[in-house]
Each structure stands twice: as structure tokens, then as C-alpha cells.
Protein chains: 2
Amino acid sequence: MSYPFFQLSKKSGYAVRALFELVLKGTSAPVNVRRLAKAQDIPIRFLEIILNELKQGGFVLSVRGKSGGYLLAKPADEITVGQIIRFLEKNPESDAPSLEQPHPGEFIIKRLMDNVNDCISGICDNLTLEEMVKEYQTNQESFVSNYVI
Amino acid sequence: MSYPFFQLSKKSGYAVRALFELVLKGTSAPVNVRRLAKAQDIPIRFLEIILNELKQGGFVLSVRGKSGGYLLAKPADEITVGQIIRFLEKNPESDAPSLEQPHPGEFIIKRLMDNVNDCISGICDNLTLEEMVKEYQTNQESFVSNYVI
DNA sequence: AGTATTCCGACTATAATAATGAGGATTAAG
DNA sequence: CTTAATCCTCATTATTATAGTCGGAATACT
């Protein structure tokens, strides 16, 4: 297998999987963190932090109290994987334009990376949670057989 | 501007730029590290380390002694950007197959990442140093105008 | 011999990533 | 009202990756 150029951070991976799980359950009732964490095998405390961020980002709503938990803030076909990753991975500083004059050599890299990122964007921004779940459900056999191996 | 999903490490960026510079100079005589570092504005010590690695990878040859330096180990049209990045970014451990049974949820991520990486590979493995230099030379005005801003 | 150069191992510093821990606030249900 | 389940907030820690730096040894040309 060839080297994976791009690896998703655990955080973003967990986030996508947690939201995926929410869609998969498809209940209108909130799902609590523990269940989500168990279902997707994610460290629970870490997932709490992630869900909190996702709430800030408007991806989920939280319901507090005894039978509380999390639920999607919008329909599954309006949330793309790209949106999730972008939101979680962006850091405040990178927004500020760098004052330093870039070296000409950096442009050859920049041009390349722009191409690459357009290409990634083409995949991630066009894949919704709903599509992921649909594909998962229709191909479940192959997913599971992969799992067992 | 949208968030860049994929950012090249400084190391890989420097490596590509150093090799690019070697091709650009196009001499058959070795170029020493200092000149390369100055030409591409790369920390010289760091570049030494990188060139050493690139030598292990068969990308460059080193010539020691007074008029020594580095030169390409193969023609510029036989070195792709993908090869360079792959070689530098791979770590030994990731070769070993993980013994842990992956969670089914990881497959939805894996499938996505496989798509993404195929796509990146399509760009990086089809771009040779020679092509980069050719494109740079024909479009030099625009590069420079970008530089000046 | 002298000098420019590569080569090499160790070292540091910083930041990002990936969690973990303790306790408080909120709410539903008994 | 009490209690248990749940989210929420702040802090701390551990690990790894990144981006270098330092000093000197080995080598080869002149």
C-alpha cells in the first residue's frame, strides 16, 4: 500500500464518526455521549470536547439534564464531511495574513498545494453525512467482512 | 480563502524546493548546501539533514571535499513530487500492520481517505521536477509579480 | 598541510495532538 | 424534594511531530 499523503486527525475522524452515528441511529431523541462513545469506540472525555466544539459550529444541539444528549442541528444532507473537517481543523492564527514576504520558491509549492486542496475539497465538500450512511447501509456486508477478516 | 485541508511539512516543502533549485541551475557540477540554502531561503542546517535523507532515498548524490556538493541522482523527468513527499514523510512504524482489530466505524473514514489519497497521488505522482521547472520558466512573470505584489 | 565541504550524532525548543480528571450546572423522573 | 443522569467548564498531562541548532569528525580537493 502506498503512503497516505493525507491523514485525518483523530479528532476530525472521531467527529465524523460521531455525527455519522447520530445519523445512523436516526432518532429524534437526543443520544448521550456515552452511547455515542461506546458505539464508535471513542474515548468518552475526548468526545465530549469534540461534541462541544461541534455545537459551537452549529452541527449539533445539546440537551441537558436527565434524558439529555446530542442531536443533529440540521438535516444530514446539509452537512458535508468537508464542513466538519474545515471547522475543526481551522486555527485562528492562520486567518491572519502573514506579513512576511514569501520567497518565490514558495509559490511553486503553493501552486501545487492549491491544486491538491481543490481536489480534496472536491471530494469532502461533496460528501454529505446522509450519503455516507446510505452507502454504508447498502454496502454493509462488505464493511463487515472487512471488519472480520 | 478556504481552509487548506492538506499542508505540506516544512521539511517536504524544503526538499522539493531544493531539488527544484538543483534542476533550475542545471549544472553537471555539484552545488553546495550553502548555495542551495541561500537560493531558496532554507535554514542551512536543516537542509543538510534533508539532503542527507534525500541521498539515502536515491534522489541526490553527494560529492565530498573542496568543490563538493549535491547533484541529482537521476534525470529530472524521472523524479516526481509524489516520490519525494512519500519518501520523506513515511515513518518506519506505519509499515508494520497494526495488530488491533479496527472498529467498523473506521472503515467509513478509511474509504474516504483512500479516495482523497488516490486523488492527491494523481496530482503529485504525475508532476515531475522537470515539469515544475518548465512551468516556472514559462510563467516566470506571473510568479515574480505575485512575489512583489 | 590547509581548507572547504559533506557527514553525523546528539541536543533543544515549541507546538500540536490526544487525551484525562475533578467538580459544577442543569434537568427529568421518582 | 431528592436523586441520578447528563452536559459543561477549566485545568492538567502525556505523547508525538516539527523545526530546527550545535559541535565536531571525516573526506577530498588544491
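Only a predicted model underlies this, so the values are computations on that prediction, with no experimental measurement involved. Protein chains get the first letters and strands the later ones, always in sequence-line order, with residue 1 at the start of each.
Listed nucleotides D:dA4, C:dT6, D:dC7 differ in distance to A:Lys66; the shortest reach to its side chain belongs to D:dA4. Checking D:dG20, D:dC8, C:dG21 against the side-chain heavy atoms of A:Arg45 singles out C:dG21 as nearest. Residue B:Ser67 has its side chain nearest to D:dC29 when only D:dA28, C:dA18, D:dC29 are considered. Among the nucleotides C:dC7, C:dA19, C:dT6, the one closest to any side-chain atom of B:Asn32 is C:dT6.
Protein atom NZ of B:Lys55 is 11 Å distant from nucleotide atom P of D:dT27, rounded to whole Å. B:Phe46 places its CZ atom 15 Å from the P atom of D:dC22, with the value rounded to the nearest Å. Taking atom CD of B:Glu48 as the reference point, atom P of C:dC8 lies 11 Å away to the nearest angstrom. Counting to the nearest Å, the C1' atom of D:dA19 and the CD atom of B:Glu53 are 13 Å from each other. Regarding A:Ile44, its CD1 atom lies at a distance of 15 Å from the C1' atom of C:dA22, rounded to whole Å. Here the P atom of nucleotide C:dT20 and the CZ atom of A:Arg34 are 16 Å apart, to the nearest Å. Protein atom CD1 of A:Ile50 is 16 Å distant from nucleotide atom P of D:dT9, rounded to whole Å. Here D:dC8 presents its P atom at 12 Å from CG of A:Leu54, a figure rounded to the nearest Å.
Between B:Asn52 and A:Leu8, the residue anchored nearer the 5' end of DNA chain C, judged by the nucleotide with its closest heavy atom, is B:Asn52. In this structure, A:Ser12 and A:Arg64 both approach DNA chain C, and ranking their closest nucleotides by distance from the 5' end singles out A:Ser12.
Enclosure of atom NZ in B:Lys38 is not indicated, since only 12 or fewer non-hydrogen atoms of other residues, nucleotides or ligands lie within 6.0 angstrom. In B:Lys25, the NZ atom is crowded: over 12 heavy atoms of neighbouring residues, nucleotides or ligands sit closer than 6.0 Å.
Distances shorter than 4.0 Å separate some side-chain N or O of A:Tyr14 from OP1 or OP2 on C:dA19. For B:Lys11 and D:dG20, the shortest distance from a side-chain N or O to OP1 or OP2 is not below 4.0 Å.
Counting non-hydrogen atoms under 4.0 angstrom, B:Leu51 reaches nothing in the nucleic acid.
Checked for salt-bridge contact, B:Arg17 and B:Glu21 miss the test: no charged N lies under 4.0 Å from a carboxylate O. Salt bridge status for A:Arg45 with A:Glu48: present, with a side-chain N to carboxylate O gap under 4.0 Å.
Distance alone, capped at 3.5 Å, is enough to place a donor-acceptor pair between the B:Asn117 side chain and the A:Phe6 backbone.
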